[in-house]
Each structure stands twice: as structure tokens, then as C-alpha cells.
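Everything on this sheet refers to the single structure shown next.
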Amino acid sequence: MSIKPLSLKGLTTVPLSSRTIDSDNKDFGAPYQAGSGFDHFLCSLPNLGCAGDLFHLRDAIITAHRHGHAIILACGGHVLDSGLGPLICRLIEQKLVSGIVLTGAALQQDVEIAIVGNTTTSDEYELQDGSYCLTDETGTLINDAINFGALENSGIGQSVGQRLLESELPHLDHSVVATACRYGVPVSVQPAMGADAFCIHPASHGESLGAASMNDFRLLAGMMSAASNGVVINIASSAIMPRVLLQAVDAARNVGENIGNMTTAVIDSAASTSAIHNVVDCLSQPDGQGFWLSGPDEILVPLLFASVVEALGDDIQ
């Protein structure tokens with residue numbers, strides 16, 4: 001077979017005026033002028049792409065706050081490991097967050113911070129002698145709290161929060177769970193049996209862990225029942241949290257709760273396709289809107305809430 005180059009002399013062109021406008025020049029970015037302040041920096045960002053989505057999410061948070069609707073942060077372990085704990089604590093104090101949902105990994109990181117003021121990581125060689133997963137103090141505190149709290153029919157978040165406040169540990173001001181407990185903000189923890197080290201710690205009891213986990217799922221379903229017209233943000237959890245959020249909404253609707261008009265968002269540079277679909281596309285329905293801010297949470301979360309605080313001004317504490 002002989003293939004010859006195709007002549008393009010007969011191509012038909014179209015005028016620019018017939019094209020749909022993709023981005024208007026009023027949405028373009030502008031150079032930032034040194035010393036002009038944070039509000040001018042925000043104005044220098046383009047109102048397009050991830051920056052445009054950030055502004056839409058900011059406006060949704062502001063609207064929810066002003067009308068008393070729920071603002072829920074659902075966090076994976078990286079949120080605490082990347083140093084965002086003190087920021088979230090401050091948001092709780094400012095009453096900008098009405099509910100916290102944590103993976104088991106995030107709970108472990110938060111308790112470590114409360115105990116020693118930093119997070120830790122395991123060395124690969126420790127996997128060879130079986131010391132890769134288990135830390136003594138973290139697992140002991142979490143499980144002692146769960147075992148005692150289960151007797152009172154409490155969930156993991158409430159039990160660990162109360163234990164942290166009673167412990168008088170030196171770094172409680174950086175603990176999200178302790179701060180939430182102090183200010184009466186509900187914390188729902190969604191552990192993964194076998195994946196989260198505290199679940200297989202010697203102090204762990206399956207009966208207590210299962211009962212407390214179920215209580216926290218019921219708490220999460222209650223949070224989602226109150227999230228109509230509010231905001232739910234899933235930060236740095238691509239596997240567990242998106243599915244748990246969907247299950248909680250489904251359970252709430254199944255028993256007759258009417259949930260709609262939620263603004264949902266994923267903040268995660270490595271979000272899975274299923275996480276984006278579940279949170280951005282599905283969780284926001286019906287009548288809501290969803291956004292994916294595809295960048296590092298340690299930059300986007302502070303930027304997002306700094307823009308919220310800047311806009312609210314004296315309306316927050």
C-alpha cells in the first residue's frame with residue numbers, strides 16, 4: 001500500500017466570533033503589587049481553573065457561615081502530618097467549622113501531636129522485625145479512651161477528645177480532637193480495621209472498637225443530615241472518606257432525612273477518580289455543586305480559609 005500526504009488546501013476555517021467564549025479577560029490574573037495586602041493578592045489571582053473553584057468554595061463557606069448552616073471538614077492523615085492541625089483548631093475556635101470527620105490515620109497523627117508535639121514515621125527496616133506499625137503511647141491512649149467510652153455508649157471521637165483534655169498533655173493546643181471536644185464540635189472517626197495501627201494494639205478490644213465505630217458512623221449520618229445548604233470538604237483522603245461520606249448520606253436519606261443543596265469539595269493533589277466522582281459529582285446531588293481543588297492541601301487549605309477570614313472580617317471572633 002502506498003500512502004501519500006493529504007493536501008490541506010481545501011480546509012475550511014471559522015471566524016473567532018463563532019466560537020464559544022472559554023475565558024473572559026475580566027477573569028484573567030494580574031501582577032501582584034508588593035505591599036498591597038492579602039486582599040489585593042487574592043484579586044491578582046485569575047478567576048479561572050483551580051483559583052476560580054477556590055473562590056466559589058470560599059463564597060459557599062461564607063454563605064453557610066452567615067446563615068448558620070453546617071461546615072464539615074473530613075480529613076485524612078496527611079492533613080495532620082502536613083502541619084494543618086493548628087489552623088483547623090483556630091477554625092474551630094472561630095466557629096467556622098461545625099463538624100470534623102477523621103480517618104483512623106488522622107486520629108493517630110492528632111494524638112501523636114498532642115503527646116510529643118510532632119508526628120513520626122516508621123523506618124522500613126522495622127517492618128522486618130515486626131515493629132513497623134505499633135507505637136506504645138499512641139495506641140494505649142486511644143484504646144484506653146475507646147474501651148472506657150464504650151461503657152458510656154460514646155464514639156471514638158468523643159472518648160478520645162475527653163481523654164486528651166483530662167490528660168493535660170503539653171501540646172493539646174495543636175490537637176484538633178481536643179480542641180473540638182473543648183468547644184463542643186462533634187468529631188466522627190472512621191477507622192479501618194487492620195490498616196490503622198491502634199486497631200491491632202494490645203490494648204484494643206474488638207467489641208469496644210466496633211461499638212464506638214458504629215456510634216461514630218451514626219454521628220456522621222447525623223452530621224450529613226444537618227448539611228443541607230452547607231459545605232462538606234474532603235481533604236487528602238481518596239479511599240476511605242469519600243465512601244464513608246456517601247454511605248452516611250445514603251443511610252440518613254434511607255430513614256427519611258431530606259438532604260440537598262450541599263456544596264462539596266475535594267482538596268487533594270492526588271485524588272482518585274472515585275474520590276472525585278463520589279464527593280464532587282454524587283455527594284453534591286441534588287441541587288448542589290462540587291469542586292476539586294487539585295493541589296497540595298498544605299497550601300490550598302490555608303489559602304482557602306485565609307480568603308474566608310479576609311472576607312468575613314469582624315463577623316468572626
key: Steps toward side-chain contact (heavy atoms from CB on, under 4.5 Å) verdict (Q247, F217)   = CA-CA 9 Å; Q247 293 281 77; F217 180 78; 4.0 Å; yes

query = Are any non-hydrogen side-chain atoms of I267 and I233 less than 4.5 angstrom apart?
reply = yes

query = So does R182 have more than 12 non-hydrogen atoms from other groups sitting under 6.0 Å from CZ?
reply = yes

inquiry  = Taking CZ in R66 as the centre, count heavy atoms belonging to other residues, nucleotides or ligands within less than 6.0 Å. Is the count above 12?
reply    = yes

key: Residue pair T179 / L172: nearest heavy atoms and the distance that separates them   = OG1-O, 4.0 Å

ask   = Linking I/L/V/M/F/W/Y whenever any side-chain heavy atoms sit under 4.5 Å apart, do V301 and V266 land together?
value = no

task = Please round to the nearest 0.5 Å and tell me the distance separating atom CG of D53 and atom CH2 of W292.
result = 10.5 Å

task = Could you tell me whether a side-chain N or O of D110 sits under 3.5 Å from a main-chain N or O of A106, the two making a donor and an acceptor?
result = no

ask   = For V176 and C75, what are the C-alpha separation, side-chain angles and deciding distance, and is it a side-chain contact (heavy atoms from CB on, under 4.5 Å)?
value = CA-CA 11 Å; V176 172; C75 305; over 6 Å; no

request  = Look at atom CG of L16 and say whether more than 12 heavy atoms of other residues, nucleotides or ligands are closer to it than 6.0 Å.
outcome  = no

Side-chain (T263) to main-chain (V231) donor-acceptor, under 3.5 angstrom = no

ask   = Short question: side chain of N278, backbone of S274 - any donor-acceptor pair under 3.5 Å?
value = yes

inquiry  = Would you say I72 ends up clustered with F291 if hydrophobic residues are merged whenever their side chains have heavy atoms under 4.5 Å apart, either directly or through other cluster members?
reply    = no

ask   = Taking atom CZ of R253 as the centre, does the number of heavy atoms from other residues, nucleotides or ligands within less than 6.0 Å exceed 12?
value = yes

key: Any donor-acceptor pair under 3.5 Å from S307 side chain to L304 backbone   = yes

message = With rounding to the nearest 0.5 angstrom, report the CD1 to NE2 distance, I71 to H65.
response = 7.0 Å

query = With hydrophobic residues grouped by side-chain heavy-atom distances under 4.5 Å, do L219 and M262 end up in a single group?
reply = yes

inquiry  = Check whether N147 reaches the backbone of N143 with its side chain - one donor and one acceptor, N or O, closer than 3.5 Å.
reply    = yes

ask   = Can you check whether L48 reaches F55 side chain to side chain, under 4.5 Å on heavy atoms?
value = no

message = Can you give me the closest heavy-atom contact between I62 and A311, atom names plus distance?
response = CD1-CB, 3.4 Å

inquiry  = Within the structure provided, determine whether H67 and N229 are in side-chain contact (heavy-atom separation under 4.5 Å).
reply    = no

ask   = So how far is it from Q158 CD to I146 CD1, rounded to the nearest 0.5 Å?
value = 12.5 Å

ask   = Under the side-chain contact (heavy atoms from CB on, under 4.5 Å) criterion, do V111 and V177 qualify, and how do the steps go?
value = CA-CA 8 Å; V111 171; V177 177; 5.9 Å; no

Heavy-atom closest contact (A236 atom, V79 atom, distance) = CB-CG2, 4.0 Å

I88 with L169, same ILVMFWY side-chain cluster at under 4.5 Å = yes

query = Would a 4.5 Å heavy-atom cut-off, applied to side chains only, mark L84 and P302 as touching?
reply = yes

Interatomic spacing from NE2 in H56 to CD1 in I61 - rounded to 0.5 Å = 13.5 Å

message = Does F148, at its CZ atom, have more than 12 non-hydrogen atoms belonging to other residues, nucleotides or ligands within less than 6.0 Å?
response = no

query = So, T140 and D136: side-chain donor and acceptor under 3.5 Å apart, yes or no?
reply = yes

query = With distance as the sole test, does H40 use its side chain to make a donor-acceptor pair with the main-chain N or O of S36 at under 3.5 Å?
reply = yes

query = At their closest point, which heavy atom of L165 faces which heavy atom of A178, and how far apart are they?
reply = CD2-O, 3.6 Å

ask   = Got a donor-acceptor contact below 3.5 angstrom from the T264 side chain to the V279 backbone?
value = yes

inquiry  = Is there a side-chain contact between P242 and N234 in this structure, where contact means two heavy atoms from C-beta onward sitting under 4.5 Å apart?
reply    = yes

ask   = Is there a side-chain contact between L73 and V101, using heavy atoms and a 4.5 Å cut-off?
value = no

query = Under 3.5 Å, side chain of D216 to main-chain N/O of I156, donor-acceptor pair present?
reply = yes

query = If we ignore angles and hydrogens, is there a donor and acceptor under 3.5 Å between the side chains of D297 and H78?
reply = yes

V187 with M241, same ILVMFWY side-chain cluster at under 4.5 Å = no

task = Kindly give the heavy-atom pair with the smallest separation between I259 and S225, and that separation in Å.
result = CD1-CA, 3.8 Å

Spatial distance of atom CG (L57) from atom CG (L293) [nearest 0.5 Å] = 6.0 Å

key: Side-chain heavy-atom pair P86, H174 within 4.5 angstrom cut-off   = yes

ask   = Could you go step by step and tell me if L245 and L220 meet the side-chain contact (heavy atoms from CB on, under 4.5 Å) rule?
value = CA-CA 8 Å; L245 292 173; L220 176 57; 4.1 Å; yes

note = Rounding to 0.5 Å, atoms OG (S154) and CD (Q162) come to a distance of 6.0 Å

inquiry  = Please find the pair of heavy atoms, one from A114 and one from S175, that lie closest to each other, and give the distance.
reply    = CB-CB, 4.0 Å

ask   = Heavy-atom distance under 4.5 Å between the side chains of L164 and L141, does that happen here?
value = yes

